[in-house]
Structures are given as C-alpha cells and as structure tokens.
Amino acid sequence: MMNKDSFRDRVYKLVTRIPKGKVSTYGDIAKALGNVRLSRAVGVALKLNPKPIEVPCHRVVKSNGELGGYSYGGLDMKKRLLKAEGIEISGNKIKNFEKVRYKF
DNA sequence: GCCATGGCTAGTA
DNA sequence: GCCATGGCTAGTA
C-alpha cells in the first residue's frame, strides 16, 4: 500500500521540476498544491528541506521578485547559486522576473 | 490540544 | 491573516 506523500514531499517534488535558469515562487507552488494560502507553509517546508542539493530550493523566490530567504549559507549563497545558473539579480530582486519565471 | 514560529501573499489605506 | 510543523503542557487512565 502506497501511503500518500506528505505536504512537504509534495512541495519538494514540485521544486525539483524547476529547471536551471528558471525560478518559481512560494505562492505558485502553493497554487500548484491547490491553494495560494499554503504559501507560507511552503516557505516553512523549504526551510526544513533535508536535501538542498537534490531539491533546488534556491530557485524559489517571493511573488514580487525579491529573493526571499535561504537557510543554507544565507542570502549571499542563494544569490550566488542563482547567478551561477544565469539568473540576473540587482540588489535583492530578480531581473526580468516574469521572463525567468517557470510555470507549472 | 495549544501556542509560537516562520524562506509568504493579496488587498487595503 | 494563512497554515504546516514541532515542542510542550494539561489532564485522563
């Protein structure tokens, strides 16, 4: 009997689908899970991400294009990872946000 | 069960 | 204001 994935597992699964060079938002993931109101819980789930390598949570940012948080190495690390993937950032915001925003 | 804690968000003021 | 988590407390048995 296959037990259902927990909320966190479903979050991780979605995040895994975001391709390199693209970003998504906490809210978009929440919507993909059924309700935008889950967005805050999505943030919490990502903070608890046990595998930051496999689950690229650095590709998840705020709905207004700001970076949001990052528990592994802090914001500088998040910024560096994104830049290394070709995402342009100015200050604390993603440039061409809509253009690099991945749609599920 | 209750309560605090967040990597948040849409919609007022 | 929302809602999944995690830690902790009554208050039963």
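Each chain gets a letter, A, B and so on, in the order the sequences are listed, and its residues count up from 1. Below, all heavy atoms of this structure are taken into account, side chains as well, without hydrogens, waters or symmetry copies. This one's a predicted model, so the numbers in the text were calculated from it and none came from an experiment.
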Anything under 3.5 Å between a donor and an acceptor, one on a side chain of residues 61-70 of chain A, the other on a protein residue two or more places apart or in another chain? List them.
| residue | atom | partner | partner atom | Å |
| --- | --- | --- | --- | --- |
| A/N64 | OD1 | A/E66 | N | 2.9 |
| A/N64 | ND2 | A/E66 | OE1 | 3.4 |

What about A/L38 and A/V36, same hydrophobic cluster or not, with Ile/Leu/Val/Met/Phe/Trp/Tyr joined at side-chain heavy-atom distances under 4.5 Å?
no
Please tabulate, one pair per line, all N/O donor-acceptor pairs under 3.5 Å involving side-chain atoms of residues 97-104 of chain A, not counting sequence neighbours.
| residue | atom | partner | partner atom | Å |
| --- | --- | --- | --- | --- |
| A/E98 | OE2 | A/R101 | NH1 | 2.9 |
| A/R101 | NE | A/D28 | OD2 | 3.0 |
| A/R101 | NH2 | A/D28 | OD1 | 3.3 |
| A/R101 | NH2 | A/D28 | OD2 | 3.2 |

At 4.0 Å (heavy atoms only), tell me whether A/F7 reaches a base, stays on the sugar-phosphate, or touches nothing.
sugar-phosphate
Tell me, please, which residues at least two apart from A/E88 pass salt bridge (charged side-chain N to carboxylate O under 4.0 Å, His left out).
none
Would a 4.5 Å heavy-atom cut-off, applied to side chains only, mark A/R80 and A/M77 as touching?
yes
Counting only non-hydrogen atoms, which of residues 71-78 of chain A are less than 4.0 Å from DNA chain B?
A/S71, A/Y72, A/K78
Looking at residues 38-66 of chain A, who's got a heavy atom less than 4.0 Å off DNA chain C?
A/L38, A/R40, A/A41, A/L48
Between which nucleotides of DNA chain C, 5' to 3', does chain A make heavy-atom contacts below 4.0 Å?
C/dG1 to C/dG6
Is there a side-chain contact between A/L33 and A/V11 (heavy atoms, below 4.5 Å)?
yes
Which pair of non-hydrogen atoms, one from A/S39 and one from A/G27, has the smallest distance, and what is that distance?
CB-CA, 3.9 Å
Output the pairing pattern of DNA chain C as a dot-bracket string, 5' first, Watson-Crick or G-U wobble with both distances under 3.5 Å, | for cross-strand pairs, [ ] for crossing pairs.
|.||||||.....
Any residue of residues 84-102 of chain A with a heavy atom less than 4.0 Å from an atom of DNA chain B
none
Enumerate the ring-ring contact (aromatic ring centres under 6.0 Å, His included) contacts for residues 6-45 of chain A, please, sequence neighbours excluded, ordered by first and then second residue.
none
Under 3.5 Å, which donor-acceptor pairs link side chains of residues 42-50 of chain A to any protein atom two or more places apart or in another chain?
| residue | atom | partner | partner atom | Å |
| --- | --- | --- | --- | --- |
| A/N49 | OD1 | A/K51 | N | 2.9 |
| A/N49 | ND2 | A/V55 | O | 3.1 |

A/I89 side chain near A/K95 side chain, heavy-atom distance below 4.5 Å
no
Can a salt bridge be assigned to the pair A/E85 and A/K22 using a cut-off of 4.0 Å between side-chain N and carboxylate O?
no
Taking atom CZ of A/R59 and atom CG of A/L82, what is their separation to the nearest 0.5 Å?
8.5 Å
State whether the side chain of A/K78 and the backbone N or O of A/V60 hold a donor-acceptor pair below 3.5 Å, judged by distance alone.
yes
Using the test side-chain hydrogen bond (donor to acceptor under 3.5 Å, both in side chains), find all partners of A/E54 that sit at least two apart in sequence or belong to another chain.
none
Step by step, would you call A/V15 with A/S24 a side chain to side chain contact (heavy atoms under 4.5 Å, CB included)?
CA-CA 8 Å; A/V15 171; A/S24 185; over 6 Å; no
